2 protein chains.
Amino acid sequence: MLQRANFHYDKQINNAVLLGSEPNCIQELFRRQPVERLVAGQSLFFEGDAAKHLFEVVEGILRIFKIISNGRRVITGFLHAGDIVGVSLKDHYLYSAEAITDTKVRRFSRKAFDSEVASSPELGPEVFARLCDEMAAAQDQMVLLSCKSAEERICTFLLRELLRAVSEGQADFVIELPMTRLDIADYLGLTIETVSRSITKLTSKGVLAPVGRHSLRVVKRSALVQLSGSDDESAGDGWKLAGCERRPRH
Amino acid sequence: MLQRANFHYDKQINNAVLLGSEPNCIQELFRRQPVERLVAGQSLFFEGDAAKHLFEVVEGILRIFKIISNGRRVITGFLHAGDIVGVSLKDHYLYSAEAITDTKVRRFSRKAFDSEVASSPELGPEVFARLCDEMAAAQDQMVLLSCKSAEERICTFLLRELLRAVSEGQADFVIELPMTRLDIADYLGLTIETVSRSITKLTSKGVLAPVGRHSLRVVKRSALVQLSGSDDESAGDGWKLAGCERRPRH
DNA sequence: CGCTCACTTGACGTTGCTCAAACCGAGTGG
DNA sequence: CCACTCGGTTTGAGCAACGTCAAGTGAGCG
């Protein structure tokens with residue numbers, strides 16, 4: 001709907017360069033590519049399109065999602081600065097990608113990427129590692145969607161975001177949520193109303209505190225962990241031996 | 001329990017044997033490994049264990065699953081003959097694997113596998129392709145869990161099984177379900193009761209017919225497709241242009 | 001024969017979805 | 001400065017799908 005908003009592609013010379021030394025990490029490949037800008041809402045590519053390029057997110061946030069038959073949307077992930085999208089693809093994109101905020105990306109041709117990977121002994125394992133991480137994330141998401149309650153989903157989500165924020169040097173416990181409630185809902189398999197209600201409930205319990213319009217402060221991290229229903233850092237007290245007795249689902 | 005019901009596998013020698021030369025496909029690597037047997041219910045490995053081996057399923061079915069903090073179990077997939085498990089792993093298994101039926105597997109050391117892959121130009125792409133398929137499957141599952149109703153999940157599941165059965169040469173529309181209802185429930189994010197009720201409802205609608213104790217006959221494939229809520233083979237009538245208006249969730 | 005285990009069926013309760021209205025901050029225009 | 005709109009968000013009331021609990025069935029097996 002909105003992708004015809006200015007594409008200023010800078011006519012990037014795809015994989016010029018590579019002068020000098022062998023690249024020894026994936027990011028290195030992108031380093032010399034020109035930066036392209038996307039405005040909020042603009043599409044980067046569509047599910048089903050021929051996957052001719054990989055992208056590195058330089059700045060901003062994107063959502064990747066699928067639309068299914070009856071118009072329902074499923075967001076399968078968010079992309080942040082430093083992420084690379086398109087590694088896990090064969091010939092066609094499995095999902096669409098859209099900028100949530102204004103965004104900068106770098107582009108690399110898939111063909112060139114493949115040959116770079118084939119020719120460098122360093123790159124193969126890194127690609128592989130990224131795929132594994134992606135797979136692990138997908139599995140975590142399946143766990144979340146399979147059997148977590150609304151509140152648990154929200155808490156899990158917020159903890160993930162917190163972890164990212166902290167790992168990026170955010171010292172105070174503030175997480176930014178540039179995406180809309182609808183994005184969060186479509187990501188967690190809930191509705192906007194349920195997302196909203198859950199967050200309200202958590203703030204009224206004193207676990208969260210609102211900060212400005214699109215940020216939250218985590219007041220009680222431990223409570224968040226408990227409510228997330230994950231075994232994140234709960235003592236590993238031998239539950240693995242307990243077998244699979246049925247427990248309440250929510 | 002039931003799994004020794006006739007397996008007539010014809011002992012399909014997958015891709016006839018390539019003796020001598022470099023292995024040019026993954027299955028080839030496993031061909032010379034001894035077959036190990038698992039009885040129904042036996043574990044192959046556990047989530048968190050060091051991932052020292054990959055396995056090829058020669059015969060039988062396994063479930064792969066995670067147990068989360070409060071004892072809940074999530075089945076992330078089933079493994080069938082020809083599947084290879086362990087490709088998408090770094091150092092530790094992401095999930096546990098258990099035989100559902102009596103099962104035969106072959107084992108290959110991870111270290112040897114990695115060096116084989118590194119040394120063969122043919123294997124790398126195949127590993128990559130398998131990872132991509134795994135990723136695509138995980139995404140489909142996320143879609144299913146995110147926003148499909150109980151009946152849609154069951155129909156989607158049955159269609160997948162039907163597709164597999166047909167692709168393995170099963171001519172009549174009969175699908176075998178050696179796993180228990182609990183397995184199906186834990187795979188689809190439902191309860192056994194809901195699974196049971198949905199199947200009953202589908203048989204009473206004439207879409208399915210029971211065959212023996214653990215098989216189902218698909219009477220109306222098209223109905224199953226419609227009820228599955230996927231865009232599997234519904235005409236691609238431009239829904240992609242329709243944007244993301246909200247539609248009922250169930 | 002009677003046990004067990006998987007499954008089915010029924011009655012009931014709760015979570016989270018639906019529908020609807022109110023709210024609020026950011027623009028925009030007077 | 002205010003009035004107005006417009007998205008995104010919050011809040012409330014009602015309802016339905018699905019989970020929970022419990023009882024009943026039927027096949028396999030000692």
Side-chain angles (χ1 to χ4, degrees), chain A residues 1-2 40-41 63 70-73 100-101 144-155 177-186 188-204 208 210-216 227 229 243-250, chain B residues 1-5 40-41 63 70-73 100-101 144-155 176-186 188-204 208 210-216 227 229 243-250:
Chain A
M1 43 182 78
L2 29 80
R63 56 184 159 243
N70 39 9
R72 291 176 289 190
R73 184 183 69 163
I100 291 178
T101 63
L144 180 145
L145 295 169
S146 265
C147 63
K148 287 194 175 179
S149 70
E151 193 173 68
E152 287 173 329
R153 294 181 199 202
I154 296 287
C155 291
L177 300 174
M179 65 289 286
T180 69
R181 296 294 139 111
L182 183 56
D183 287 332
I184 299 175
D186 285 351
L188 299 179
L190 302 169
T191 58
I192 44 177
E193 294 94 334
T194 303
V195 170
S196 182
R197 273 187 257 269
S198 300
I199 291 179
T200 317
K201 197 166 142 203
L202 287 170
T203 66
S204 74
L208 302 175
V211 174
R213 188 99 180 112
H214 273 278
S215 297
L216 286 173
L227 291 170
C244 316
E245 356 76 85
R246 293 297 277 169
R247 296 291 186 79
R249 201 160 260 268
H250 295 303
Chain B
M1 41 194 86
L2 35 82
Q3 62 288 10
R4 41 135 178 55
R63 56 185 159 243
N70 40 8
R72 290 175 290 191
R73 183 183 69 162
I100 291 178
T101 64
L144 181 146
L145 295 169
S146 265
C147 64
K148 287 194 175 179
S149 70
E151 194 174 67
E152 288 173 330
R153 294 181 199 202
I154 295 287
C155 290
E176 307 226 346
L177 301 174
M179 66 288 286
T180 69
R181 296 292 138 110
L182 183 56
D183 288 331
I184 299 176
D186 284 351
L188 298 179
L190 301 169
T191 58
I192 44 177
E193 293 94 335
T194 302
V195 170
S196 183
R197 274 186 258 269
S198 301
I199 291 180
T200 314
K201 196 166 143 203
L202 287 170
T203 66
S204 74
L208 301 175
V211 175
R213 190 105 177 107
H214 273 276
S215 297
L216 286 173
L227 292 171
C244 317
E245 358 73 86
R246 294 296 278 168
R247 296 291 186 78
R249 201 159 260 269
H250 295 302

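In what follows, every chain begins at residue 1, and chains take the letters A, B, ... in the order their sequences are listed. In this text, all values refer to a predicted model and were calculated from it rather than measured experimentally.
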Base, backbone or nothing for each nucleotide of nucleotides 7-13 of chain C, written B, S, -, heavy atoms under 4.0 angstrom, 5' to 3'? SBBBB--
Rounded to whole Å, how long is the line connecting atom [atom1] of [X] with atom [atom2] of [N]?
X	N	atom1	atom2	answer
Ile100(B)	dA6(C)	CD1	P	13 Å
Leu188(B)	dA17(D)	CG	C1'	16 Å
Glu151(A)	dT14(C)	CD	C1'	15 Å
Glu152(A)	dG19(D)	CD	P	14 Å
Leu202(A)	dT10(D)	CG	P	12 Å
Asp183(A)	dT9(D)	CG	P	8 Å
Lys201(B)	dC18(D)	NZ	C1'	11 Å
Arg72(A)	dT18(C)	CZ	C1'	15 Å

Side-chain donor or acceptor of Arg72(B) paired with backbone N/O of Cys147(A) under 3.5 Å: yes
Are any of the side-chain heavy atoms of [X] and [Y] separated by less than 4.5 Å?
X	Y	value
Leu145(B)	Arg153(B)	yes
Arg63(A)	Asp186(A)	no
Glu151(A)	Lys201(A)	yes

With sequence neighbours left out, what residues match Thr194(B) under side-chain hydrogen bond (donor to acceptor under 3.5 Å, both in side chains)? Thr191(B)
Pairing residues for Arg197(A) by the side-chain hydrogen bond (donor to acceptor under 3.5 Å, both in side chains) criterion, not counting sequence neighbours: none
